[in-house]
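Report on the structure given below.
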Number of protein chains: 2
Amino acid sequence: MSRAEQKERTRRAIINAAFSQLSADKSFASLSLREVAREAGIAPTSFYRHFADMDELGLTLVDEAGLMLRQLMRQARQRIEKNGSVIRTSIETFMEFVTGNSNVFRLLLRERSGTSAAFRSAVAREIQHFVAELAEYLRKETTCPDELARAQAEAMVILVFHTGADALDAPPEQYGYLTSRTITQLRWLAHGAAGYGRKPKG
Amino acid sequence: MSRAEQKERTRRAIINAAFSQLSADKSFASLSLREVAREAGIAPTSFYRHFADMDELGLTLVDEAGLMLRQLMRQARQRIEKNGSVIRTSIETFMEFVTGNSNVFRLLLRERSGTSAAFRSAVAREIQHFVAELAEYLRKETTCPDELARAQAEAMVILVFHTGADALDAPPEQYGYLTSRTITQLRWLAHGAAGYGRKPKG
DNA sequence: AGAATGAGCGAACAGTTGTAAGCTAAGCGG
DNA sequence: CCGCTTAGCTTACAACTGTTCGCTCATTCT
């Protein structure tokens with residue numbers, strides 16, 4: 001096995017170890033370098049051959065999580081072309097992601113309001129990809145002016161994100177309710193934004 | 001000074017110490033019992049005379065934070081009676097709370113998605129007070145059926161809460177933009193919910 | 001007055017943490 | 001083939017953690 005190849009391999013072992021230790025009861029902040037190294041099967045000090053510190057690892061995790069989200073978006077678009085129902089398909093795809101990769105979603109959810117400004121802005125950046133895509137869609141499909149399309153997209157993403165967070169603590173039999181509730185909320189936004197262009201009065 | 005009086009006094013010292021150590025870079029989870037005790041001016045072991053462990057302290061903090069929020073609501077209602085503009089007054093009051101007690105708000109924001117299920121549900125309970133109050137208002141003032149009034153209130157509270165979170169990382173000169181953006185979003189919801197009662201099609 | 005309670009303290013414990021220093025040995029470039 | 005590079009290791013240290021134990025001594029109760 002080549003040298004660089006082996007290095008990449010244990011780098012991945014570290015990343016996977018970190019991901020697999022995340023859970024409902026364990027946030028990234030509560031992971032220790034030694035724990036991660038132990039699970040990755042390396043000595044604690046070897047960790048430094050790959051990351052300067054835990055923060056650097058964390059940013060990598062956030063990036064990877066963002067990547068998964070973007071892949072999800074592509075998948076959602078394919079489904080929409082076949083299915084037609086934009087809102088429902090988007091939310092259902094998102095909910096599948098949340099329930100199927102709950103630790104990844106939890107990472108984003110927590111670091112969005114975590115103690116590291118770098119983490120927070122990294123998560124914010126990933127979410128902005130979502131918002132930008134949706135805003136562009138709204139600009140095409142509706143008569144909404146640009147600025148309002150963005151505000152509408154932001155509201156929608158926030159609501160969907162929050163529904164994902166709710167799902168993490170809810171029993172699976174409630175997923176259906178959560179989904180349909182969110183669909184209703186998004187329709188209100190769409191309908192309201194469509195018929196309620198702009199009004200000056202504060 | 002009476003015995004019970006003195007006990008209450010150092011109990012408050014502990015609580016205040018914990019609150020004052022929270023910041024943008026320090027979450028409750030990253031507080032240590034010894035740090036808190038040090039700042040409160042007591043020996044580490046004396047902590048146990050007041051709380052069984054840090055979790056118990058944390059739940060107390062969440063309760064107190066919730067109390068502040070409810071006081072805020074009362075204050076907002078008074079302002080509304082004098083001012084008239086419901087949405088704007090509510091949001092502005094909330095934003096004042098967030099910027100004036102940022103550590104308290106951060107506590108709620110973080111523990112809402114934290115690692116302790118007890119904390120999460122405690123925060124959720126406090127937020128539900130908000131939602132319930134608003135839903136009741138909507139039922140009175142609009143023609144919305146009960147179930148939808150609640151969904152509408154939930155969406156509104158989520159959006160406002162999120163705006164608060166945004167404000168924590170934004171420069172003060174953006175508060176105005178954040179506020180007016182949120183007002184727009186809430187109006188969309190209100191308008192959409194009003195003209196868009198119920199539709200069966202999924 | 002005398003006994004009981006209990007808040008607060010200091011010392012000590014076993015455990016964990018991040019990180020520095022220096023070694024080994026395997027892969028690589030000349 | 002030899003020397004350099006470097007991933008990974010072991011050892012070590014100082015700092016901190018939560019928690020137990022036993023003590024003091026002011027307040028309270030009888």
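Below, read A as the first sequence line, B as the second, and so on, with proteins coming before strands; counting in each chain starts at 1. This one's a predicted model, so the numbers in the text were calculated from it and none came from an experiment.
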- Before giving the answer on side chain to side chain contact (heavy atoms under 4.5 Å, CB included), spell out for A:Thr10 and A:Arg49 the whole-Å C-alpha distance, their side-chain angles and the decisive distance to 0.1 Å. CA-CA 10 Å; A:Thr10 82; A:Arg49 301 289 185 194; over 6 Å; no
Are any of A:Ser46's side-chain N or O atoms less than 4.0 Å away from OP1 or OP2 of D:dA7? no
In numerical order, the residues of residues 7-15 of chain B whose heavy atoms come under 4.0 Å of DNA chain C are B:Lys7, B:Thr10
From CZ of A:Phe47 across to P of D:dC9 the rounded distance in Å is 14 Å
Check: Just by modelled atom types, is the A:Gly114 backbone N or O under 3.5 Å from a matching donor or acceptor in the A:Arg120 side chain?
Finding: yes
Does the distance from a Lys or Arg side-chain N to an Asp or Glu carboxylate O, for A:Glu133 and A:Arg77, drop under 4.0 Å? yes
Would you list the protein and nucleotides 19-22 of chain C atom pairs, both N or O, that sit under 3.5 Å from each other?
from: C:dT19; atom 1: OP2; to: A:Tyr48; atom 2: OH; distance (Å): 2.7
from: C:dT19; atom 1: O5'; to: A:Tyr48; atom 2: OH; distance (Å): 3.2
from: C:dT19; atom 1: O4; to: A:Arg34; atom 2: NH1; distance (Å): 3.3

Hey, does the side chain of B:Arg106 reach the backbone of B:Ser27 with a donor-acceptor pair shorter than 3.5 angstrom? no
A:Leu33 and A:Phe51, any side-chain heavy atoms less than 4.5 Å apart
no
For the pair B:Ser121 (side chain) and B:Ala118 (backbone), establish whether a donor and an acceptor sit closer than 3.5 Å, ignoring hydrogens and angles. yes
Inset, instruction - Run the ring-centre check on B:Phe130 versus B:Phe161 and record whether the distance is less than 6.0 Å. - result: no
Numerically ordered, the residues 35-42 of chain A set in heavy-atom contact under 4.0 Å with DNA chain C is A:Glu35, A:Arg38
- Look at the side chain of A:Ser20 and the backbone N and O of A:Ala17, then say whether any donor-acceptor pair between them is shorter than 3.5 Å. yes
Result for 5'-nearest mapping on DNA chain D, choosing between A:Ala43 and B:Ser32, is A:Ala43
From the list A:Ile91, A:Thr182, A:Ile158, side chain to side chain contact (heavy atoms under 4.5 Å, CB included) partner of A:Thr163 resolves to A:Thr182
Computed from five pairs at either end and rounded to 10 degrees, the angle between the axes of the helix from C:dA1-D:dT30 to C:dG30-D:dC1 is 20°
Short N/O separations, protein against nucleotides 24-30 of chain D, under 3.5 angstrom:
from: D:dT28; atom 1: OP1; to: B:Arg3; atom 2: N; distance (Å): 2.8

#### Entry: Side-chain donor or acceptor of B:Ser180 paired with backbone N/O of B:Tyr177 under 3.5 Å
yes
### Query
Is there a donor-acceptor pair under 3.5 Å between the side chain of A:Thr179 and the backbone N or O of A:Tyr175?
yes
Expected list for residues 58-68 of chain A: side-chain donor-acceptor pairs under 3.5 angstrom, two or more places apart:
from: A:Thr60; atom 1: OG1; to: A:Glu56; atom 2: O; distance (Å): 2.9
from: A:Glu64; atom 1: OE1; to: A:Arg12; atom 2: NH2; distance (Å): 3.2
from: A:Glu64; atom 1: OE2; to: A:Arg12; atom 2: NH1; distance (Å): 3.1

- Message: For A:Glu154, is there an ion pair with B:Arg181 - N to carboxylate O distance below 4.0 angstrom?
- Response: yes
| Hey, does the side chain of A:Thr99 reach the backbone of A:Glu96 with a donor-acceptor pair shorter than 3.5 angstrom? | yes
Answer yes or no: does atom CZ of A:Arg9 have more than 12 heavy-atom neighbours from other residues, nucleotides or ligands under 6.0 Å? no
task: Establish, with yes or no, whether the OP1 or OP2 oxygen of C:dG8 is under 4.0 angstrom from a side-chain nitrogen or oxygen of B:Gln6.
output: yes
